[in-house]
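Below is one structure; the comments refer to it alone.
All heavy atoms count here, side chains included; hydrogens, waters and symmetry mates do not.
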Amino acid sequence: AGAVRAQRRERKSRHVVLVGAGDAADRILKRLRDEPATQMNLVACFGEPWNDERVRPIGELRDFIRSNRVDEVWIAVPWDRKRLLDEALD
């Protein structure tokens, strides 16, 4: 019964990728982790490392989205790192 409930939760949850850098990304990451009731499942982080979290290079974002279930891409990039935002949207 517990496994069935977990599978239902998994189907209902939104698979989120976070693109970010600095304090902005760290705040969003903490919010996602601290509020499990949001049904957001963080599947990967891309951008510039902002803490001990594994952050993948932005150049891998497109292939990751194509080969994995991703429902939403959240972007948390300070304006002074606009280059990262441009790369994410390219």
Side-chain angles (χ1 to χ4, degrees):
V4 171
R5 280 193 298 272
Q7 287 176 339
R8 285 183 188 147
R9 262 195 317 272
E10 175 68 18
R11 280 193 297 258
K12 289 181 183 180
S13 70
R14 307 288 296 164
H15 291 76
V16 176
V17 165
L18 176 59
V19 175
D23 291 339
D26 199 38
R27 282 192 303 273
I28 297 298
L29 179 65
K30 286 177 183 171
R31 190 170 132 208
L32 282 168
R33 295 237 164 100
D34 292 345
E35 297 180 31
T38 62
Q39 294 187 341
M40 298 293 178
N41 178 22
L42 181 65
V43 293
C45 297
F46 291 85
E48 297 174 359
W50 58 84
N51 63 17
D52 293 334
E53 187 71 25
R54 178 168 187 261
V55 179
R56 300 168 185 241
I58 196 72
E60 297 177 6
L61 178 62
R62 184 183 313 248
D63 289 337
F64 184 88
I65 291 172
R66 286 182 177 153
S67 60
N68 293 277
R69 178 180 168 198
V70 176
D71 299 308
E72 299 179 17
V73 176
W74 290 14
I75 299 175
V77 178
W79 194 249
D80 64 342
R81 293 193 176 119
K82 183 180 176 296
R83 174 197 54 77
L84 185 63
L85 179 61
D86 293 339
E87 288 178 39
L89 297 175
D90 187 23

Which residues satisfy the side-chain hydrogen bond (donor to acceptor under 3.5 Å, both in side chains) test with Glu87, sequence neighbours excluded?
Arg83

Ser13 and Arg69: which non-hydrogen atoms are nearest, and at how many Å?
O-NH2, 3.1 Å

How long is the gap from CG on Asn51 to NZ on Lys30, to the nearest 0.5 Å?
7.5 Å

Can you tell me how far CG of Leu61 sits from CD1 of Ile58, rounded to the nearest 0.5 angstrom?
5.0 Å

Donor-acceptor contact below 3.5 Å, side chain Asn68 vs main chain Val70:
no

Measure the shortest side-chain to side-chain distance between Ile28 and Trp50 over non-hydrogen atoms and say whether it is less than 4.5 angstrom.
no

Do you know the tightest heavy-atom contact between Arg33 and Leu42?
NH2-CD2, 4.0 Å

Taking Asn41 for its side chain and His15 for its backbone only, find out whether a donor-acceptor pair lies under 3.5 Å.
no

Using side-chain heavy atoms (C-beta onward) and a distance below 4.5 Å, is Val43 in contact with Phe64?
yes

Can you see which heavy atom on Arg54 is nearest to which on Cys45, and at what distance?
O-CB, 3.8 Å

Partner of Val73 by side-chain contact (heavy atoms from CB on, under 4.5 Å), out of Val16, Leu18, Ile65:
Ile65

